[in-house]
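Input: a single structure, listed below in structure tokens.
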Amino acid sequence: MPVKEIIDLRSDTITLPTEEMLEAIRHAKLGDDVFREDPTVNKLEQMAAEKMGKEAALLVTSGTQANLIALMSNTKRGDLVILEAESHIYWYEVGGISMIAGLLPWPVKSSAGAPTPEDVKAAIRPSDIHFPEPALVCLENTHNRHGGTIIRPSQIKAISEVAHTHGLKLYLDGARIFNAAVALQVDVREFTRHVDNLMFSLSKGLCCPIGSVLVGTCEFIEKARKIRKILGGGMRQAGIIAAPGIVALETMIDRLAEDHRNARRLAEGISKIEGIQIDLSRVQTNIVCFDISGLGMTADMFIAKLKEKGILALTMGENKVRLVTHRGIEREHVDAAIAAIEDIAKNSRAK
Ligand SMILES: *Cc1c(COP(=O)(O)O)cnc(C)c1O
């Protein structure tokens with residue numbers, strides 16, 4: 001029996017390194033990065049800083065570690081951090097913001113990922129014996145739980161003005177910031193110029209096996225380097241991680257447009273299926289979220305049925321399903337996924 005190809009739409013984190021990346025790893029010049037002697041790491045960090053229009057950069061093990069280091073580098077214990085209520089830091093980072101960084105997260109709701117400047121301002125309470133000191137505002141772009149939505153440069157600018165006026169720093173969880181830049185066809189610096197520091201992921205749509213990069217001022221990165229060491233993230237011949245990162249920055253950014261085209265096609269196909277609700281205006285990058293409550297089953301049941309058809313997806317709550325396009329997902333896979341979903345919907349209606 002021929003083995004049916006699995007179409008894995010769970011996340012862009014499942015992408016494998018390209019042949020060019022594997023070659024780059026094989027030939028990378030290496031040294032001890034704790035002594036700052038790995039030339040490949042140094043090169044990646046320099047490239048990343050330049051690309052983002054900031055002074056310096058630091059390679060770290062994961063996006064979660066990048067966020068934790070940034071929280072700790074931008075604040076002192078006991079401070080208040082304003083973040084969006086659906087943000088990755090608040091939802092998916094095991095509460096490290098409280099447990100390790102010792103901070104009070106202050107969630108602010110939004111409709112598509114960016115709190116309004118007014119809501120951010122309202123969250124910055126005045127100096128008072130009862131209140132912790134507000135120190136930092138965090139944004140996320142693209143916004144994962146809102147469905148890969150883009151926070152526009154003008155929105156970031158407006159929030160930065162509020163934060164900076166009140167003496168707070170602005171940090172960007174830019175795990176997928178290149179998706180935002182490619183989708184709007186603007187230089188990534190349009191997004192980064194208004195924030196004090198940020199991180200981006202190498203290991204998502206950019207297809208590297210490991211790694212994220214923190215970017216900011218020299219002073220911030222020096223602090224971050226020390227905190228990375230505290231957290232056990234000081235690595236030695238980390239050039240084997242940086243080498244594919246360099247390939248990614250040189251060759252993998254523009255192709256994200258392909259993932260966006262496939263996500264659009266997928267979303268439009270799904271939108272025609274009875275019983276499924278999808279907000280097409282939110283499908284702005286490589287993430288497609290939809291509601292299946294009209295099919296009379298839970299999201300868990302739905303993804304189990306999809307799995308039987310060789311398609312892997314994740315749930316985003318009781319009735320919501322998430323599909324993510326990435327390198328390796330072609331148009332024919334998208335069409336197969338639409339057909340499979342159509343089939344599940346048809347069978348549920350027949351009951
Ligand atoms: C994936 C993701 C992270 C965490 O990255 P890991 O490398 O998985 O730890 C942080 N923020 C956002 C927005 C993400 O999508």
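For ligands, and for the atoms within them, numbers begin at 1 and follow the listed sequence.
Here the side chain of His166 pairs no donor or acceptor atom with the backbone of Ala163 at under 3.5 angstrom.
Of the listed residues (Arg176, Arg255, Arg322), just one forms a salt bridge (charged side-chain N to carboxylate O under 4.0 Å, His left out) with Asp12, and that residue is Arg176.
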Pairwise, report which nitrogen or oxygen atoms of ligand 1 are under 3.5 angstrom from protein nitrogen or oxygen atoms, and how far apart they are.
from, atom 1, to, atom 2, distance (Å)
ligand 1, 7 (O), Gly63, N, 2.8
ligand 1, 9 (O), Gly63, N, 3.3
ligand 1, 9 (O), Thr64, N, 2.8
ligand 1, 9 (O), Thr64, OG1, 2.6
ligand 1, 11 (N), Asp173, OD1, 3.1
ligand 1, 11 (N), Asp173, OD2, 2.6
ligand 1, 15 (O), Asn144, ND2, 3.0
ligand 1, 15 (O), Arg176, NH1, 3.0
ligand 1, 15 (O), Lys204, NZ, 2.7

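The side chain to side chain contact (heavy atoms under 4.5 Å, CB included) test applied to Ala243 returns Ala24, Ala28, Thr40, not counting sequence neighbours.
Between Ile7 and Ile329, some side-chain heavy-atom pair lies under the 4.5 Å cut-off.
In the model, Asn197 has a side-chain atom that pairs as donor or acceptor with a side-chain atom of Asn74 under 3.5 Å. For the 3.5 Å distance criterion, the side chains of Asp196 and His164 qualify, holding a donor opposite an acceptor.
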